[in-house]
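As the structure is a prediction and not an experimental result, all values here were calculated from the model. Quick note on labels: first sequence line is chain A, next is B, and so on, each numbered from 1.
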There are 2 protein chains.
Amino acid sequence: MFSSFKLTDAEREALNAISTRIHRPAKRRVYTQGEPGNHIYRIRSGAVRLEHHMKDGRNQIFAFLWADDMFGTLEGGMYHTSAITLVDTYLFQISCSALKGLVEVYPRIQALFLQQALDYAKTAERHLLLATCPLVIKRLAGFLLECTRQKDFFDRQSNILTLAMDRKDIADYLGFAIETTSRTLKELEDMGLIQRLSSQRIKIDRDRIGAFV
Amino acid sequence: MFSSFKLTDAEREALNAISTRIHRPAKRRVYTQGEPGNHIYRIRSGAVRLEHHMKDGRNQIFAFLWADDMFGTLEGGMYHTSAITLVDTYLFQISCSALKGLVEVYPRIQALFLQQALDYAKTAERHLLLATCPLVIKRLAGFLLECTRQKDFFDRQSNILTLAMDRKDIADYLGFAIETTSRTLKELEDMGLIQRLSSQRIKIDRDRIGAFV
DNA sequence: CGAGGTTTTGACCCCCTTCAACTTACGTGG
DNA sequence: CCACGTAAGTTGAAGGGGGTCAAAACCTCG
C-alpha cells in the first residue's frame, strides 16, 4: 500500500545535501554492535551483512543488503547489530539529527523510510521461512535462488551466480554449521541443480531449483 | 530514531473518523492468505496470529500480535498471510484508500506507520533469534520469556502466564513439531524453571529462565 | 456417557552437529 | 618462480537431538 513512492527533485537534493559519500573495502566494519552512533546508511554499490552476535558465541546474520538498501537502525542510541561489507562498497552516510530536521521541512521523505522498513520486514519474513525449513538442502536451495535476484551478482545469460559471502556467512544466515554448507552444496551438485565453478562462482539451474524448493 | 512519536488530537480524531470497530471471537479469521483486500487493522484488545502456509504443508507463524499492534500489509492487493484471532478480540478496521487520502492532509500520520513497521521488523529479528536456536529447549524458554512481556497475559504478582495460543501455534512459531512442544515443556518443568498448572496456565521462574537463555 | 479434539508419552530412526584431518587457494618473502 | 604459512573450503566418522508414527491420557461439549 505504501509502495512505489518517488521523491521529488527538491526532496532528493535536500537529502543529498546532508549525505556524505564514504567508501569501505571488502570485509570492513561500517559499525559494531553495541557502539553508540547517530548515522544511517544507504548502499550506493556493493554489499553489506548485518550480524548479531550473542553471549553464547552464536553469530546470527539478519540480512544481506545490496544497492539502494538502507541500514543503521538505532536502539537507545546504540547499534544493535554489526554492519560489515562483503565486497568493495560505496555508501551514503546520513546524520540522524540532520535527517530529523529535514523531515520537519519535507514530511513526505518519511515515506521513503516507511517503504524501506516494510521492505526490510518482508525480507525478514522470507529469511525466516528459509531458516526454518526442516531440511538444510531446501534452505540452501532457497537461499541460492534468492541470491539470483541481485542483478549485480547473477548473470542471466550464463546463469552464473557470484557469491559475495563466504561459507560461514551462509551458515550464519541459514542457521547451520559451516561444514553443512559445503556438504549440502556438494549434494545439490550431485543432484545436478548447481555446478561449482569455483568456491565463489556457481552455475545455477534456476528452473529445477525453483521446482525443488 | 523514529520512536516515541505521538499524534496530535486532530490527527487522532481524523484517524478515528475513518476507522470502524469490529469484533471477532476466539479462533476466527480476520482475513485469509491470498485473499484480495484493502483494509488494515489495529488491535484494540485481544490477540492475533499471522501465519503463512506453503504448498509443502508447513505452516509458519510470523508473529503473535497484541493490543495496539497493527497488521494487514498487502502485496499486490492481496494479503500474504492469514490473520486469526487467538482469543476474543476487538479491532479497528481502516480502509487503505481512506488512509491514503488522510496521509495527504496529515503527512505526520505516516510516522505512526513507520514506527509500527520498525517495531514489526525488530520483533521479526527477535523471532529469528529464537527460531534458530540450535536447542529447542532454549527456543521455548526464550519464547515463554517473551510472552511474559504481555501484561494482559502475565500476572507479575503470581508469576502466572496464560498462554493465548495452543501447542501447535507454539510449534509453528518456533519451527518444531507439536510433540516437541509438550516434551520440552515437561523438560523445563523437570528442571524447575516452570510449573504447568493447566495446559494454558504456567507458573514461571523468570529469573532462572532469564539466566538459562 | 460417548465423541472428537487437544495434549502427553513412548519407541525408533535419520539428519545434522561436532571433532578431526585433509585439500585448496592465496599472499609473502626468499 | 618456488617455498612456505595461513586462511578458507572440503571430506570423513561418530554421536545425539528432534522428527515421525503410534497410542494413551485428558478435556470439552453435546
Side-chain angles (χ1 to χ4, degrees), chain A residues 25-28 49 56-61 84 86-87 130-144 161-191 194-202, chain B residues 25-28 49 56-61 84 86-88 130-144 161-191 194-202 212:
Chain A
K27 309 206 179 215
R28 301 294 166 80
R49 72 170 191 264
D56 67 8
R58 199 156 64 95
N59 200 45
Q60 178 67 47
I61 292 181
I84 297 161
L86 297 176
V87 297
L130 277 185
T132 56
C133 274
L135 268 51
V136 290
I137 193 167
K138 294 226 171 188
R139 287 189 226 172
L140 189 56
F143 174 74
L144 293 176
L161 174 69
T162 304
L163 290 173
M165 66 293 288
D166 60 23
R167 299 293 185 265
K168 175 149 180 36
D169 289 339
I170 298 174
D172 286 349
Y173 183 77
L174 295 176
F176 47 63
I178 184 172
E179 296 92 333
T180 305
T181 315
S182 277
R183 260 186 278 267
T184 311
L185 278 174
K186 182 194 174 78
E187 198 173 346
L188 285 172
E189 192 167 31
D190 291 344
M191 294 169 66
I194 68 170
Q195 197 175 338
R196 288 181 289 180
L197 307 177
S198 76
S199 73
Q200 313 291 358
R201 286 163 46 84
I202 297 181
Chain B
K27 309 207 178 214
R28 301 296 167 80
R49 71 169 192 264
D56 66 9
R58 200 156 62 95
N59 200 45
Q60 178 68 46
I61 292 181
I84 296 160
L86 298 176
V87 297
D88 200 63
L130 277 185
T132 55
C133 274
L135 268 50
V136 289
I137 193 166
K138 294 226 172 188
R139 287 190 226 172
L140 189 58
F143 174 73
L144 293 176
L161 175 69
T162 304
L163 290 174
M165 66 292 288
D166 61 23
R167 299 293 185 263
K168 175 149 180 38
D169 290 339
I170 298 175
D172 285 349
Y173 183 77
L174 294 176
F176 46 64
I178 186 172
E179 297 93 332
T180 306
T181 315
S182 277
R183 261 188 277 267
T184 312
L185 278 174
K186 182 195 175 76
E187 198 174 346
L188 284 171
E189 191 167 30
D190 291 344
M191 294 169 68
I194 68 170
Q195 195 175 338
R196 287 182 288 180
L197 307 177
S198 76
S199 73
Q200 313 292 354
R201 286 162 47 82
I202 297 181
F212 175 69

Classify the nucleic acid contact of [X] as base, sugar-phosphate or nothing, counting any heavy atom under 4.0 Å across all strands shown.
X      : value
B:E187 : nothing
B:R139 : nothing
B:I178 : nothing
A:E189 : nothing
A:L185 : nothing

*Which pair of non-hydrogen atoms, one from B:R139 and one from B:L174, has the smallest distance, and what is that distance?*
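Minimum heavy-atom contact is NH1-O, 2.9 Å.
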
Within the modelled atom types, does a donor on one side and an acceptor on the other bring the side chain of [X] and the base of [N] under 3.5 Å apart?
X      : N      : answer
A:R183 : C:dT18 : yes
B:E179 : D:dC21 : yes
A:R196 : D:dG9  : no

*For B:L161 and B:I194, run side chain to side chain contact (heavy atoms under 4.5 Å, CB included): C-alpha distance rounded to whole Å, both residues' side-chain angles, the deciding distance at 0.1 Å, then the answer.*
CA-CA 10 Å; B:L161 175 69; B:I194 68 170; over 6 Å; no

*To the nearest 0.5 Å, tell me how far B:F143 CZ sits from B:T184 OG1.*
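Between atom CZ of B:F143 and atom OG1 of B:T184 there are 13.0 Å.
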
What nitrogen or oxygen pairs link the protein and nucleotides 26-28 of chain C at under 3.5 Å?
none

_Bend angle of the helix from C:dC1-D:dG30 to C:dG30-D:dC1, from helix axes over five pairs at each end, nearest 10°_ =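 Inter-axis angle at the ends, rounded: 30°.
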
*Any side-chain N or O of A:K186 under 4.0 Å from OP1/OP2 of D:dT11?*
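Yes, such a contact exists.
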
*For B:R201, does the CZ atom have more than 12 heavy-atom neighbours from other residues, nucleotides or ligands under 6.0 Å away?*
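Result for CZ/B:R201: open.
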
*With distance as the sole test, does B:Q60 use its side chain to make a donor-acceptor pair with the main-chain N or O of B:D172 at under 3.5 Å?*
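Indeed, once roles are kept as given, a pair shorter than 3.5 Å links the two residues.
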
*Could you go through the side chain to side chain contact (heavy atoms under 4.5 Å, CB included) check for B:M165 and B:Y173 one step at a time?*
CA-CA 10 Å; B:M165 66 292 288; B:Y173 183 77; over 6 Å; no

*Out of D:dT20, D:dG18, D:dG9, which has the shortest distance to the side chain of B:A177?*
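Minimum distance to the B:A177 side chain belongs to D:dT20.
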
*With side chains defined as the heavy atoms from C-beta onward, is the minimum distance between A:I170 and A:L163 less than 4.5 Å?*
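Yes, side chains in contact.
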
*Report the C-alpha separation of B:V136 and B:R183 in whole Å, then their side-chain angles, then the decisive distance to 0.1 Å, and conclude whether the side chain to side chain contact (heavy atoms under 4.5 Å, CB included) test is met.*
CA-CA 10 Å; B:V136 289; B:R183 261 188 277 267; over 6 Å; no

